[in-house]
Participant: 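Sharing a structure, written as structure tokens. Questions coming.
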Amino acid sequence: MDPVTRPQGREGGTLGRLDDTLRRLARAMLLVAGWGLLLLGMLVAVDVAARNTIGRNIGGVDEIAGYIFAIGISWSLTEAFYARSHVRIDFLYQKAPPGLRALLDVSSILALGFAAAFLAFSGWLVVSGSWGMSSRSASVLQVPLVIPQLLWFAGMLVFLAALLVSSLQACLALAAGRHPELAARFGIMSASEEAQEALGAREEKA
């Protein structure tokens, strides 16, 4: 991790290790989600080929696609947060002084954390309900719904954990007046930063 973005001071110990762990977990979950979409594409291709050759499909592909898409989205939320890819309105942000921008950065993380907590709570209600009623999908596959729902719920929990750790780091950095650190980790990327990131990703692939 870039030294500029690592938390400084007393919170750099435990919170820093938690942050590093969650970042590695988020990257691994994103890769798994990507491979899941790739396998889904192959499954759809096989289904289409079977329909055109033997006149029947393999069945259940649309249901499996729904599960993979839902799990893939939840498993990608944390990495999107670390990459600063979640949408924020920056009409006034870029014109604000550094102190106000730092306050807006912290406010945005806290607001996103409340949203993640609501999603996690709602997800738990769904999972616990399916578990209690032993619900299965209304299809030929008869999938126990708690299995894909638990995987989907896991993504929400990791997202919430990442936001809790980042919120603590952001509040401590704001209290210490470390505005450049807040901007580097949680601020809205400028056009030049996005261009540099794109060039860096292109160089890594080359």
Side-chain angles (χ1 to χ4, degrees), residues 1 19-88 109 112-166 189 194-195 197-206:
M1 184 185 297
D19 184 70
D20 288 341
T21 300
L22 286 168
R23 285 175 183 271
R24 288 193 294 269
L25 179 59
R27 179 57 57 90
M29 293 174 73
L30 180 67
L31 291 174
V32 172
W35 278 107
L37 289 176
L38 180 61
L39 293 175
L40 175 60
M42 297 171 62
L43 183 61
V44 170
V46 171
D47 186 60
V48 171
R51 188 181 308 160
N52 291 331
T53 54
I54 64 176
R56 57 183 302 181
N57 55 23
I58 58 180
V61 174
D62 54 343
E63 181 180 352
I64 295 172
Y67 299 147
I68 291 178
F69 277 124
I71 295 167
I73 290 172
S74 72
W75 282 33
S76 303
L77 289 173
T78 310
E79 180 63 22
F81 165 68
Y82 286 134
R84 294 188 285 172
S85 298
H86 289 287
V87 175
R88 286 177 59 185
I109 299 171
L112 190 59
F114 280 116
F118 174 77
L119 289 174
F121 176 72
S122 301
W124 170 248
L125 293 180
V126 172
V127 172
S128 59
S130 296
W131 176 270
M133 294 185 294
S134 300
S135 300
R136 291 179 176 269
S137 61
S139 67
V140 294
L141 297 180
Q142 288 288 294
V143 176
L145 291 178
V146 71
I147 297 176
Q149 288 172 357
L150 273 175
L151 293 172
W152 168 75
F153 179 59
M156 297 298 180
L157 285 182
V158 174
F159 184 43
L160 177 59
L163 285 166
L164 288 175
V165 172
S166 294
M189 286 194 292
E194 290 181 357
E197 184 178 272
L199 288 174
R202 184 175 180 180
E203 290 175 357
E204 288 180 0
K205 294 180 180 179

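Residues take their numbers from the sequence shown, with the count starting at 1.
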Participant: State, to 0.1 Å, how close L160 and G113 come at their nearest heavy-atom pair, and which atoms those are.
Facilitator: CD1-O, 3.9 Å

Participant: Apply the test salt bridge (charged side-chain N to carboxylate O under 4.0 Å, His left out) to residues D20 and R24: give CA-CA distance (whole Å), side-chain angles for both, the deciding distance (0.1 Å), then the verdict.
Facilitator: CA-CA 6 Å; D20 288 341; R24 288 193 294 269; 5.1 Å; no

Participant: Just jot down the side-chain hydrogen bond (donor to acceptor under 3.5 Å, both in side chains) partners of S122, sequence neighbours excluded, or say none.
Facilitator: none

Participant: Do the non-hydrogen side-chain atoms of M42 and L39 ever get within less than 4.5 Å of each other?
Facilitator: yes

Participant: What are the two closest non-hydrogen atoms of S166 and I109, and how far apart are they?
Facilitator: C-CG2, 4.4 Å

Participant: Please step through side chain to side chain contact (heavy atoms under 4.5 Å, CB included) for the pair L151 and W75, ending with a clear verdict.
Facilitator: CA-CA 9 Å; L151 293 172; W75 282 33; 4.1 Å; yes

Participant: Could you grab the distance from atom CG of L25 to atom CE of M29, nearest 0.5 Å is fine?
Facilitator: 5.5 Å

Participant: I need the minimum non-hydrogen distance between G155 and T78, along with the two atoms involved.
Facilitator: O-OG1, 4.3 Å

Participant: How far apart are the closest heavy atoms of M156 and S74, and which atoms are they?
Facilitator: CE-CB, 4.1 Å

Participant: Got a second to check how far I73's CD1 is from I68's CD1, nearest 0.5 Å?
Facilitator: 12.0 Å

Participant: Contact between F153 and V126 at the side-chain level, heavy atoms closer than 4.5 Å - yes or no?
Facilitator: no

Participant: In Å, rounded to the nearest 0.5 Å, how long is the span from CG of D47 to CG of N52?
Facilitator: 9.5 Å

Participant: Any chance CZ of F69 has more than 12 other-residue heavy atoms, nucleotides or ligands included, within less than 6.0 Å?
Facilitator: no

Participant: Can you list everything that forms a side chain to side chain contact (heavy atoms under 4.5 Å, CB included) with L112? Sequence neighbours excluded, please.
Facilitator: F81, H86, F159, L163

Participant: Hey, is the main chain of G123 close enough, under 3.5 Å, to the side chain of W152 for a donor-acceptor pair?
Facilitator: no

Participant: Can you see which heavy atom on S137 is nearest to which on Q142, and at what distance?
Facilitator: O-NE2, 3.0 Å

Participant: Could you tell me which non-hydrogen atom of S76 sits nearest to which non-hydrogen atom of A33, and how far apart they are?
Facilitator: OG-CB, 4.1 Å

Participant: Just to verify, what does L150 make a side chain to side chain contact (heavy atoms under 4.5 Å, CB included) with, not counting sequence neighbours?
Facilitator: V127, V146

Participant: Does the pair Y82 and D19 meet the rule for a side chain to side chain contact (heavy atoms under 4.5 Å, CB included), with working shown?
Facilitator: CA-CA 10 Å; Y82 286 134; D19 184 70; 3.8 Å; yes

Participant: Starting from the C-alpha separation in whole Å, work towards a yes-or-no answer on side chain to side chain contact (heavy atoms under 4.5 Å, CB included) for I64 and L141.
Facilitator: CA-CA 9 Å; I64 295 172; L141 297 180; 4.1 Å; yes

